[in-house]
Amino acid sequence: MQTRKVLHIDSNHPLMIRELSLLGYENVEDYTTSKEIIEQSIHQYEGIIIRSRFKIDRQFLDLATNLKFIGRVGAGLENINCDYAIQKGVKLIAAPEGNRTAVGEHALGMLLSLLNKLNLVDQEVRQGIWIREGNRGIEIEGKTVGLIGYGNMGNAFAKRLQGFDCKVIFYDIKDNLENQFAKQVSLHELQEEADIISLHTPQTPQTINLVNKAFIENCKKPFWLINTARGKAVNTADLVEALKEKKVLGAALDVLEYEKSSFENMFTENSLPEPMQYLIQAKNVLLSPHIAGWTIESKEKLAQVIIDKIKKL
């Protein structure tokens with residue numbers, strides 16, 4: 001009987017290896033070999049477990065002649081040529097259920113920190129600067145929070161906003177997603193009403209540069225921006241211009257346009273792009289290194305979701 005082998009391209013929670021072994025798979029861990037070398041043996045594997053180390057493109061899929069499934073330990077599948085994989089009968093498994101709590105809590109934490117200037121005032125107090133009047137915060141209560149994208153992540157954030165006595169609305173390309181946490185509206189209505197806009201979209205051709213100069217100009221009020229989705233959803237140069245003009249009051253960015261596609265590093269160049277230099281210096285900008293979904297708990301949850309879905313294949 002032929003051995004059913006799974007290749008692990010990125011390190012993961014030990015639960016993944018253990019549970020796949022119990023399902024009868026032989027696990028091969030290779031976290032450092034180049035994509036070109038892996039392509040030489042990929043025909044041996046029935047499954048791949050990956051986060052984001054490299055792209056799984058047409059050439060890779062053509063060489064993976066025995067491949068039955070790809071498990072992406074995360075929410076998005078943009079590093080995989082999904083259409084071609086499906087065409088070849090490969091099952092694609094993502095795990096947005098596994099880190100939605102982490103993303104929802106991180107987005108809320110960033111919003112509270114941004115509105116109350118917590119990062120700024122922490123640094124000031126450490127330097128012996130004690131400013132109270134100039135550091136008054138902004139309350140969420142009474143504001144309208146507009147979410148763009150209402151899947152697992154959008155729902156998780158909306159759920160956590162329930163105790164703040166704010167209005168929560170959302171726009172999504174799919175219909176009939178409204179629930180007890182948020183009201184579904186058109187994009188135009190969201191841009192008319194929102195005081196705070198939070199992105200919860202996957203990376204697709206439609207969402208790249210979603211927040212750009214035109215988008216910002218179409219917003220009726222100056223707004224606060226939260227992005228825990230994908231960096232390329234925001235045109236950074238346009239955001240910086242809007243921050244300078246106070247059309248965007250502040251931004252909390254867990255993801256950046258300049259990240260490498262592996263999400264493991266920020267830049268492909270040695271020098272900081274000029275818009276990034278501005279963000280780093282701006283007092284009304286909060287930054288984190290793509291860790292919204294990256295909690296101790298989510299590491300295990302993501303692995304368990306993948307395992308549960310593999311069991312159903």
Inset, instruction - Identify, with sequence neighbours excluded, every residue that meets side-chain contact (heavy atoms from CB on, under 4.5 Å) alongside Glu300. - result: His13, Leu15
Inset, instruction - Enter the distance from Thr228:OG1 to His200:NE2 here, rounded to the nearest 0.5 Å. - result: 4.5 Å
Legend entry - Path from Val211 to Ile169 over hydrophobic side-chain contacts below 4.5 Å: yes
Legend entry - Minimum heavy-atom distance Leu253-Leu279, with the two atoms named: CD1-CD1, 3.9 Å
Legend entry - Spacing of His290 atom NE2 and Arg230 atom CZ [to the nearest 0.5 Å]: 4.5 Å
Legend entry - By ring-ring contact (aromatic ring centres under 6.0 Å, His included) - contacts of Tyr150 (at least two apart): Phe170
Legend entry - NZ (Lys283) with more than 12 external heavy atoms under 6.0 Å: no
Legend entry - side chain to side chain contact (heavy atoms under 4.5 Å, CB included) between Leu199 and Val255, intermediate numbers included: CA-CA 11 Å; Leu199 304 183; Val255 289; over 6 Å; no
Inset, instruction - Rounded to the nearest 0.5 Å, what's the gap from CD1 on Ile291 to CG on Asp254? Could you check? - result: 6.0 Å
Inset, instruction - Sort and list the pairs that fulfil side chain to side chain donor-acceptor pair (under 3.5 Å) and have at least one residue in residues 183-194, not counting sequence neighbours. - result: Lys167-Glu193
Legend entry - Residue pair Val234 / Glu257, side-chain heavy-atom distance below 4.5 Å: no
Legend entry - Polar side-chain atom of Lys311 near backbone of Leu23 as donor-acceptor pair, under 3.5 Å: no
Inset, instruction - Test side chain to side chain contact (heavy atoms under 4.5 Å, CB included) on Val168 and Phe157 and set out the steps. - result: CA-CA 10 Å; Val168 185; Phe157 187 35; over 6 Å; no
Inset, instruction - May I ask you to test the Leu108-Phe164 pair for a side-chain heavy-atom distance under 4.5 Å? - result: yes
Legend entry - ILVMFWY network linking Phe181 to Ile226, side-chain heavy atoms under 4.5 angstrom: yes
Legend entry - pair Val73-Met16: side-chain heavy atoms closer than 4.5 Å: yes
Inset, instruction - Check whether more than 12 heavy atoms from other residues, nucleotides or ligands sit under 6.0 Å from atom CG of Leu22, and answer yes or no. - result: yes
Legend entry - Glu274, CD: over 12 other non-hydrogen atoms inside 6.0 angstrom: no
Legend entry - Non-hydrogen atoms of Lys143 and Ile196 that approach each other most closely: CB-CD1, 4.3 Å
Legend entry - Nearest non-hydrogen partners of Leu63 and Glu39, listed with the distance: CD1-CB, 3.6 Å
Inset, instruction - Quick one: closest heavy-atom pair of Ile17 and Asn27, and the distance? - result: O-ND2, 3.2 Å
Inset, instruction - Flag yes if Val285 and Leu114 sit in one hydrophobic cluster, no otherwise; membership is Ile, Leu, Val, Met, Phe, Trp, Tyr, and two members link when side-chain heavy atoms are under 4.5 Å apart. - result: no
Legend entry - Side chain Thr204, main chain Thr207, donor-acceptor under 3.5 Å: yes
Inset, instruction - Answer yes or no: does atom NZ of Lys68 have more than 12 heavy-atom neighbours from other residues, nucleotides or ligands under 6.0 Å? - result: yes
Inset, instruction - To the nearest 0.5 Å, tell me how far Ile50 CD1 sits from Ile56 CD1. - result: 4.0 Å
Inset, instruction - Report the C-alpha distance between Arg58 and Asp62 in whole Å, list the side-chain angles of each, state the deciding distance to 0.1 Å, and finish with yes or no for salt bridge (charged side-chain N to carboxylate O under 4.0 Å, His left out). - result: CA-CA 6 Å; Arg58 290 178 69 99; Asp62 281 338; 5.5 Å; no
Inset, instruction - Could you pull out all residues at least two apart from Phe60 that satisfy ring-ring contact (aromatic ring centres under 6.0 Å, His included)? - result: Phe54
Legend entry - Non-neighbouring partners of Lys247 that pass side-chain contact (heavy atoms from CB on, under 4.5 Å), sequence neighbours left out: Ile216, Glu217, Ala242, Glu245
Legend entry - Ser52 versus Asp10, side-chain donor and acceptor atoms under 3.5 Å: no
Inset, instruction - Verify side chain to side chain contact (heavy atoms under 4.5 Å, CB included) between Leu20 and Ile307, making sure each step is shown before the conclusion. - result: CA-CA 7 Å; Leu20 283 172; Ile307 290 296; 3.7 Å; yes
Legend entry - Ile86 CD1 to Asn81 CG distance, which is reported to the nearest 0.5 Å: 9.5 Å
Legend entry - Rounded distance [0.5 Å steps], NZ in Lys232 versus CG in Asn227: 12.0 Å
Inset, instruction - Give a yes or no on whether a salt bridge exists between Lys312 and Asp308, defined as a side-chain N under 4.0 angstrom from a carboxylate O. - result: no
Inset, instruction - Spell out, as yes or no, whether a donor-acceptor pair under 3.5 Å connects the side chain of Gln203 to the backbone of Gly76. - result: no
Inset, instruction - Mind listing the closest non-hydrogen atom pair of Ala158 and Leu147 along with its distance? - result: CB-CD1, 3.8 Å
Legend entry - Flag, side chain of Arg51 to backbone of Gly74, donor-acceptor distance under 3.5 Å: no
Inset, instruction - Indicate yes or no: at least one non-hydrogen side-chain atom of Gln123 is less than 4.5 angstrom from one of Ile129. - result: no
Legend entry - Short side-chain to backbone donor-acceptor contact, Asn212 and Asn209, under 3.5 Å: yes
Inset, instruction - Let me see the working for Leu118 and Leu286 under side chain to side chain contact (heavy atoms under 4.5 Å, CB included), right down to the final yes or no. - result: CA-CA 10 Å; Leu118 296 183; Leu286 185 63; over 6 Å; no
Inset, instruction - Please say whether more than 12 non-hydrogen atoms of neighbouring residues, nucleotides or ligands are located less than 6.0 Å from CD1 in Ile173. - result: no
Inset, instruction - Kindly indicate whether the side chain of Ile197, heavy atoms from C-beta on, has any atom under 4.5 Å from the side chain of Cys219. - result: yes
Inset, instruction - Determine whether Cys166 and Leu161 make a side-chain contact, defined as any pair of heavy atoms from C-beta on separated by less than 4.5 Å. - result: yes
Inset, instruction - Answer yes if Ile38 and Tyr31 sit in the same cluster of Ile, Leu, Val, Met, Phe, Trp and Tyr residues linked by side chain heavy atoms under 4.5 Å apart, and no otherwise. - result: no
Inset, instruction - Taking Asn66 for its side chain and Tyr45 for its backbone only, find out whether a donor-acceptor pair lies under 3.5 Å. - result: no
Inset, instruction - Check whether any side-chain N or O of Lys5 sits under 3.5 Å from a backbone N or O of Val28 as a donor-acceptor pair, and report yes or no. - result: no
Inset, instruction - Determine whether Lys35 and Asp57 make a side-chain contact, defined as any pair of heavy atoms from C-beta on separated by less than 4.5 Å. - result: yes
Inset, instruction - Can you see which heavy atom on Gln277 is nearest to which on Leu272, and at what distance? - result: NE2-O, 2.9 Å
Inset, instruction - Verify the cluster assignment for Met110 and Val145: are they in a single hydrophobic cluster under the rule of side-chain heavy atoms below 4.5 Å apart? - result: yes
All N/O donor-acceptor pairs, side-chain side in residues 91-104, below 3.5 Å, sequence neighbours left out:
unit_1	atom_1	unit_2	atom_2	d
Glu97	OE1	Lys309	NZ	3.2
Glu97	OE2	Lys309	NZ	3.2
Arg100	NH1	Asn152	OD1	2.6

Legend entry - Side chains of Phe69 and Val6 in contact at under 4.5 Å (non-hydrogen atoms): yes
